[in-house]
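Working notes, beginning with the structure itself.
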Amino acid sequence: MAAQTVAAAAAAPALPPVGMSRWQQLQHIIPVSREKWRQLCLVGRAPAPIRISERCTMYPNIEVHRWLADPIGYRQVKGGAA
C-alpha cells in the first residue's frame, strides 16, 4: 500500500515556483472548485487573476504557492507580490 502512495505522489503534477499557470494546470493542486476559487479571488483570499487576453486568465505561481502554504491566512498583496 505504501508503494501505491509513493507512486501517486510521483505522478502528481508539480507547480513550478516561478511563472504563471492557467486554471487547468492548477485544478489538480488546488483543493477547491473553480467557482469557489473565483469567489476567493474576488474577495482577496486567493491570488488575483491576470487577464492575458479575452479568453486567457493566468495566476502567478509564486502567489499560488503562498496561498497553498496558508490558505486560511492568505491575503492578496496590493501592488504586487511580497
Side-chain angles (χ1 to χ4, degrees):
M1 208 185 276
Q4 290 174 343
T5 305
V6 171
L15 183 65
V18 295
M20 298 181 75
S21 299
R22 296 183 73 172
W23 171 253
Q24 290 78 12
Q25 297 165 299
L26 299 175
Q27 68 185 356
H28 306 291
I29 300 167
I30 304 297
V32 297
S33 70
R34 185 176 189 165
E35 178 60 16
K36 183 62 176 178
W37 181 253
R38 187 187 71 80
Q39 291 171 356
L40 289 171
C41 291
L42 287 174
V43 297
R45 304 280 314 266
I50 298 171
R51 291 295 287 233
I52 304 299
S53 69
E54 184 179 316
R55 296 182 59 191
C56 182
T57 301
M58 301 188 88
Y59 301 89
N61 289 352
I62 194 162
E63 288 299 307
V64 174
H65 279 289
R66 275 189 55 230
W67 184 85
L68 287 169
D70 185 16
I72 302 297
Y74 179 88
R75 298 292 183 271
Q76 288 178 5
V77 177
K78 301 288 186 209

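If you read the sequence from its start, that first residue is 1, and numbering goes on from there.
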Exercise. What residue pairs, at least two apart or across chains, pass side chain to side chain donor-acceptor pair (under 3.5 Å) with a residue in residues 67-76?
Worked result: E63-Y74
Problem set entry | Distance, nearest 0.5 Å, that separates CD1 of I29 from CG of N61 | 8.0 Å
Seminar exercise, completed: Residues passing the side chain to side chain contact (heavy atoms under 4.5 Å, CB included) test with Q27, sequence neighbours excluded, are W23
Problem set entry | Pairwise salt bridge (charged side-chain N to carboxylate O under 4.0 Å, His left out) hits with a residue in residues 32-46, at least two apart | E35-R38
Seminar exercise, completed: Rounded to the nearest 0.5 angstrom, the OH-CZ distance for Y59 and R22 is 10.0 Å
For this session: Supply the atom-to-atom distance H65 NE2 to L15 CG, rounded to the nearest 0.5 angstrom.
Result: 3.5 Å
Exercise. Would you say the side chain of Q39 lies within less than 4.5 Å of the side chain of V32, judging by non-hydrogen atoms?
Worked result: no
For this session: Taking all heavy atoms of A48 and all of P60, pick out the closest pair and write down the distance.
Result: O-CD, 3.9 Å
Exercise. Hey, does P49 have a side-chain heavy atom less than 4.5 Å from the side chain of W37?
Worked result: no
Seminar exercise, completed: Taking every heavy atom of A69 against every heavy atom of P71, the minimum-distance pair comes out as C-CD, 3.9 Å
For this session: If you link ILVMFWY side chains whenever their heavy atoms are less than 4.5 Å apart, which other residues fall into the same cluster as M58? By chain and number, please.
Result: M20, I50, I52
